[in-house]
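Below: one structure in structure tokens.
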Amino acid sequence: LPLRRSAGGLGLVQRAAGRDGERAPPVSTQLMEQRMDVQERVKVGATNFVQGVADHKRRFAFVVLIDVSGSTSRLPDPDIHRINNAVNELIKLLKDPPKDSTVYANRDAIDLSIIAYNEQVMDILDWTEVKDLPDHVEEMRGKGGTHMGDALEYAVDKCIRINEGYASRSITNGMPHIIHLTDGIPTDLLPIDGPAWNAIRAKLSRFDGRTKDLKRANILHFCAPKAYSVKAENGKSGAELLALLTGKNTVLAIGKDMPPFEQLAQFVTVFMDSLIAGGNDDVPESVEDAKRQLPFDETESDPDDELEVG
């Protein structure tokens with residue numbers, strides 16, 4: 001039987017007992033089994049490497065990870081239309097950037113992957129040099145739960161695999177980056193300090209900025225307003241849970257810490273350009289540089305938007 005969810009869609013509840021009256025496995029066991037399935041798919045689906053790359057150039061890998069769970073379609077103001085527009089605008093800007101930009105000079109050295117997730121993890125675009133990006137990707141629809149843990153693990157392993165691909169061909173590369181867009185709560189990782197939470201947190205420990213000498217990639221979470229306003233059963237918002245996972249400095253509020261949705265693609269492009277120009281490691285400075293280049297009117301601060309980590 002599939003997992004059932006509480007009426008609000010925020011908390012996992014135990015699967016019903018079997019027909020013979022046996023006690024069903026605890027939710028944490030079910031989720032770990034699902035995560036093992038994701039790991040098997042990673043072995044097959046995340047080992048692809050861009051063919052015919054310019055071996056003489058330093059390469060830069062970016063994963064765009066997109067939450068397309070049911071909350072993104074929630075009325076009266078669904079985010080899914082903004083998400084689709086932002087993703088296709090990002091593709092357009094990366095494929096045809098200003099000729100005086102660092103991205104333009106490295107169009108044959110930037111590898112991009114786009115992943116979407118709800119209760120499943122889906123490759124929308126496998127590793128592709130930005131000069132060869134398609135004109136657009138098909139419209140995504142918001143539905144289902146928010147298996148963010150599975151999605152993060154899949155994205156992390158994709159970064160590890162492409163790093164291995166670079167190394168096997170003696171190609172120098174910058175730190176891979178995961179750009180995560182979400183408005184939800186990682187329902188497959190609750191409760192905090194449960195087996196699923198601890199497993200993914202251990203894996204993400206090299207992404208959180210606290211172990212720089214061991215880091216294998218960087219991650220930034222771009223959180224829509226719902227990621228602050230909707231609370232899990234433990235009283236924490238999705239943004240607060242992400243801050244616990246990877247550090248407060250990895251979480252940005254769309255429209256508050258960065259421009260609104262309408263400028264999201266531009267912000268990501270400028271961030272990438274600054275990051276590559278600066279050596280690919282200084283994420284906070286590249287974020288600030290993007291803010292300087294794209295000034296915006298910050299939304300009025302809401303007490304519920306303040307991250308409380310601890």
Side-chain angles (χ1 to χ4, degrees), residues 48 50-54 57-68 72-73 77-117 122-142 151 155 158-159 162 174 176-183 218-224 252 254-255 257-278 280 283 286-287 289-296:
N48 295 332
V50 178
Q51 300 300 313
V53 296
K57 298 184 76 170
R58 190 182 192 209
R59 302 198 69 79
F60 307 94
F62 291 88
V63 173
V64 179
L65 180 63
I66 308 163
D67 176 357
V68 292
T72 63
S73 291
D77 189 26
D79 287 327
I80 192 64
H81 306 302
R82 301 185 186 96
I83 291 170
N84 280 306
N85 289 338
V87 170
N88 282 309
E89 179 68 12
L90 177 62
I91 287 174
K92 178 182 176 182
L93 290 172
L94 291 176
K95 188 173 182 178
D96 188 23
K99 290 182 171 54
D100 61 349
S101 67
T102 304
V103 167
Y104 182 85
N106 289 275
R107 287 183 306 154
D108 61 346
I110 301 173
D111 301 315
L112 184 74
S113 172
I114 301 176
I115 303 168
Y117 70 93
M122 301 156 279
D123 274 306
I124 303 300
L125 181 74
D126 211 344
W127 292 116
T128 304
E129 292 179 358
V130 295
K131 68 179 179 60
D132 296 325
L133 288 173
D135 292 334
H136 66 278
V137 295
E138 292 186 14
E139 181 177 324
M140 294 174 283
R141 298 181 180 180
K158 261 202 144 171
C159 289
I162 200 167
H177 291 75
I178 298 171
I179 296 170
H180 178 211
L181 175 60
T182 182
D183 75 345
N218 285 309
I219 187 167
L220 272 182
H221 308 282
F222 294 169
C223 294
L252 296 175
I254 296 175
D257 300 322
M258 56 176 289
F261 257 114
E262 290 72 20
Q263 292 179 281
L264 178 60
Q266 291 175 277
F267 185 87
V268 172
T269 306
V270 173
F271 165 75
M272 290 171 64
D273 194 89
S274 175
L275 198 63
I276 294 170
N280 196 235
V283 172
S286 294
V287 168
D289 190 35
K291 289 180 182 181
R292 287 191 293 268
Q293 294 190 48
L294 289 172
F296 63 98

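Because only heavy atoms are used, hydrogens play no part in the values below, and waters and symmetry mates are left out as well, while side chains stay in.
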Can we call the ring centroids of Phe261 and His81 under 6.0 Å apart?
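Here the rings of His81 and Phe261 have centres that are no less than 6.0 Å from each other.
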Between CD1 on residue Ile124 and CD1 on residue Ile114, distance to nearest 0.5 Å:
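Atom-to-atom, Ile124:CD1 and Ile114:CD1 are 8.0 Å apart.
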What heavy-atom pair brings Leu65 and Ala155 nearest, and what distance separates the two atoms?
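What the structure gives for the nearest pair is CD2-CB, 4.2 Å.
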Please round to the nearest 0.5 Å and tell me the distance separating atom CG of Leu94 and atom OG1 of Thr269.
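Answer for the CG-OG1 pair, Leu94 versus Thr269, is 4.5 Å.
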Using a 3.5 Å distance criterion without hydrogens, assess whether the side chain of Lys291 forms a donor-acceptor pair with backbone atoms of Asp257.
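Yes: the side chain of Lys291 pairs with the backbone of Asp257.
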Describe, in one word, how the ring planes of Phe222 and Phe267 are oriented to each other, choosing from parallel (under 30°), tilted (30 to 60°) and perpendicular (over 60°).
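Perpendicular.
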For residues Met258 and Leu294, determine if any side-chain heavy atom of one lies less than 4.5 Å from a side-chain heavy atom of the other.
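No, their side chains stay 4.5 Å or more apart.
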Ala109 to Arg58 - nearest heavy-atom pair and separation:
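What the structure gives for the nearest pair is CB-O, 3.5 Å.
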Heavy-atom closest contact (Asn84 atom, Glu138 atom, distance)
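Heavy atoms of Asn84 and Glu138 come nearest at OD1-O, 4.4 Å.
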Quick one: CG on Asp273 to CD on Gln266, what's the gap to the nearest 0.5 Å?
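Output value for this atom pair is 13.0 Å.
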Do Arg59 and Glu129 sit within salt-bridge range, that is, some charged N less than 4.0 Å from a carboxylate O?
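Result for this pair is yes, salt bridge flagged.
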Can you measure from CG (Leu93) to CE (Met272) and round to the nearest 0.5 angstrom?
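If we round to the nearest 0.5 Å, Leu93:CG and Met272:CE are 10.5 Å apart.
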Heavy atoms, side chains only, cut-off 4.5 Å: are Ile91 and His136 in contact?
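Side chain of Ile91 against side chain of His136, heavy atoms only: no contact under 4.5 Å found.
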Please say which of Leu112, Thr102, Asn106 ends up in a side-chain contact (heavy atoms from CB on, under 4.5 Å) with Phe60.
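So, applying the side-chain contact (heavy atoms from CB on, under 4.5 Å) to Phe60 and each of Leu112, Thr102, Asn106, only Asn106 qualifies.
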Spatial distance of atom NZ (Lys99) from atom OG (Ser101) [nearest 0.5 Å]
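That separation rounds to 9.5 Å.
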Taking NZ, NE, NH1 and NH2 as the nitrogens, is one of them in Asp77 or Arg82 under 4.0 Å from a carboxylate oxygen of the other?
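Yes.
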Check whether any side-chain heavy atom of Leu264 lies under 4.5 Å from a side-chain heavy atom of Leu181, and answer yes or no.
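Yes; the side chains approach each other to less than 4.5 Å.
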Could you check Val87 against Met140 for side-chain contact (heavy atoms from CB on, under 4.5 Å), going step by step and ending with a plain yes or no?
CA-CA 10 Å; Val87 170; Met140 294 174 283; 4.0 Å; yes
Got a salt bridge between Lys158 and Asp126, using NZ or NE/NH1/NH2 to carboxylate O under 4.0 Å?
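Salt bridge present between Lys158 and Asp126.
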If you take all heavy atoms of Ser73 and Ile80, which pair is closest and at what distance?
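Ser73 and Ile80 have their closest heavy atoms at OG-CG2, 3.7 Å.
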For residues Leu125 and Pro134, determine if any side-chain heavy atom of one lies less than 4.5 Å from a side-chain heavy atom of the other.
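Leu125 vs Pro134: side chains touch.
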Please check if the side chain of Lys95 supplies one atom and the backbone of Leu133 the other of a donor-acceptor pair under 3.5 Å.
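Such a contact is found between Lys95 side chain and Leu133 backbone.
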Closest approach of Tyr117 and His180, non-hydrogen atoms and distance?
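Answer, listing the atom of Tyr117 first, then His180: OH-NE2, 2.8 Å.
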So, taking the atom named CD in Gln263 and the one named CD in Glu89, what distance separates them when rounded to the nearest 0.5 Å?
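Gln263 atom CD to Glu89 atom CD measures 11.0 Å (nearest 0.5 Å).
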Heavy atoms only: give me the nearest Ile83-Ile66 pair and the separation to one decimal.
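Shortest heavy-atom contact: CG2-CG2, 3.5 Å.
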Do Leu220 and Val287 have side-chain heavy atoms sitting under 4.5 Å apart?
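Counting from C-beta outward, Leu220 and Val287 do come under 4.5 Å.
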If we only count heavy atoms from C-beta on, is the Val68 to Met122 side-chain gap below 4.5 Å?
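Answer yes - side chains close enough.
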More than 12 foreign heavy atoms under 6.0 Å from NZ of Lys92: is that the case here?
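Result for NZ/Lys92: open.
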Taking C-beta and beyond as the side chain, do Val63 and Cys159 meet within less than 4.5 Å on heavy atoms?
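The answer is yes, as the side chains (C-beta and beyond) meet within the 4.5 Å cut-off.
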Kindly indicate whether the side chain of Phe271, heavy atoms from C-beta on, has any atom under 4.5 Å from the side chain of Val283.
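Yes - at least one pair of side-chain heavy atoms lies under 4.5 Å apart.
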